[in-house]
Amino acid sequence: MPVTTQELSQWKQQGRRITVLTAYEYAIAQLIDQAGIDIILVGDSLAMVGLGYDTTLPLTLDEIIHHAKAVRRGVKQALLVVDLPFLTYQESPQQAIHSAGRILKETGAQGVKLEGGYPLMAETVGQLVQVGIPVMGHVGLTPQSVHQFGGYRKQGKTSDQAERIIAEAIALEQAGAFSVVLEHIPSDLAEDITQKLGIPTIGIGAGGGCDGQVLVTSDILGLSAWQPPFAKTYTNLQQTITQAVQEFCIEVREGKFPPGN
Ligand code: KIV
């Protein structure tokens, strides 16, 4: 049976850790779905990882919908969540409903993710949930605010910041979010938030005390030119691809491929 948002809270109660990876296209989505991942996120990291931009800010709603449709065709089991790109939801709850509605209608995703806490985002999440759109929150280092943070820096290091992040996570839960991503914050803060919330927290660079973990797939595959210090590389596809391409070039140039020349 495909994963549902309802199951995630039960898993939290049972202490079953939740696994989340990103995907931006059909083939990778199909592979990671068949390998048993719980949630596939069409993250707006697509802008940097898949489209070569310096930040996530330039990504459009049409671009993420185009990629999410391809991912949907590859996903049979995992819960599919799609990021709302920068300035497709911050202007008003109505703008958020329009953008998130397009994502659900056009891609077949089961939920959306948005960045930020209260007061505006909690109100927006409340209205999205009221019209039946499941929402995953995202607090801590929210990459769409990179220029406000002055870089991709760890957040929540001062007590004021930490209190703000705790309040945001609680406000998102009260507004009806089904889960919250905690990005690049101290592990004790992430653990504290995880204990305070009934909905699952999904950590990235937030230590081992969260209910689940998310990473960018190209980072775990060793495909990224740059990756954050908290990512883990499980294989080196950069090397594998380079070797395969070099062998192909040599074989074609030497007349060894196709065989029988
Ligand atoms: O855009 C993304 O890929 C994300 C995850 C890394 C949480 O937001």
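As the structure lists them, so they are numbered: ligands from 1, and atoms in each ligand from 1.
- Here Lys12 pairs with Asp211 in a salt bridge; the nearest charged N to carboxylate O distance falls below 4.0 Å.
- Within 6.0 Å of OH on Tyr152 lie more than 12 heavy atoms contributed by other residues, nucleotides or ligands.
- Shown here is Gln14, whose CD atom has more than 12 heavy atoms of other residues, nucleotides or ligands within 6.0 Å.
- At a threshold of 4.5 Å between side-chain heavy atoms, the hydrophobic network of Ile, Leu, Val, Met, Phe, Trp and Tyr places Tyr26 and Leu21 in two separate groups.
- Electrostatic pairing of Arg164 and Asp160 does not count as a salt bridge here, judged by no charged N lying under 4.0 Å from a carboxylate O.
- Side chains of Val216 and Met48 form no contact here, defined as non-hydrogen atoms less than 4.5 Å apart.
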Distances for all N or O pairs of ligand 1 and the protein under 3.5 Å?
residue	atom	partner	partner atom	Å
ligand 1	1 (O)	Asp44	N	3.1
ligand 1	1 (O)	Asp44	OD1	3.0
ligand 1	1 (O)	Ser45	N	3.0
ligand 1	1 (O)	Ser45	OG	3.3
ligand 1	1 (O)	Asp83	OD2	3.2
ligand 1	3 (O)	Ser45	OG	2.5
ligand 1	8 (O)	Lys113	NZ	2.9

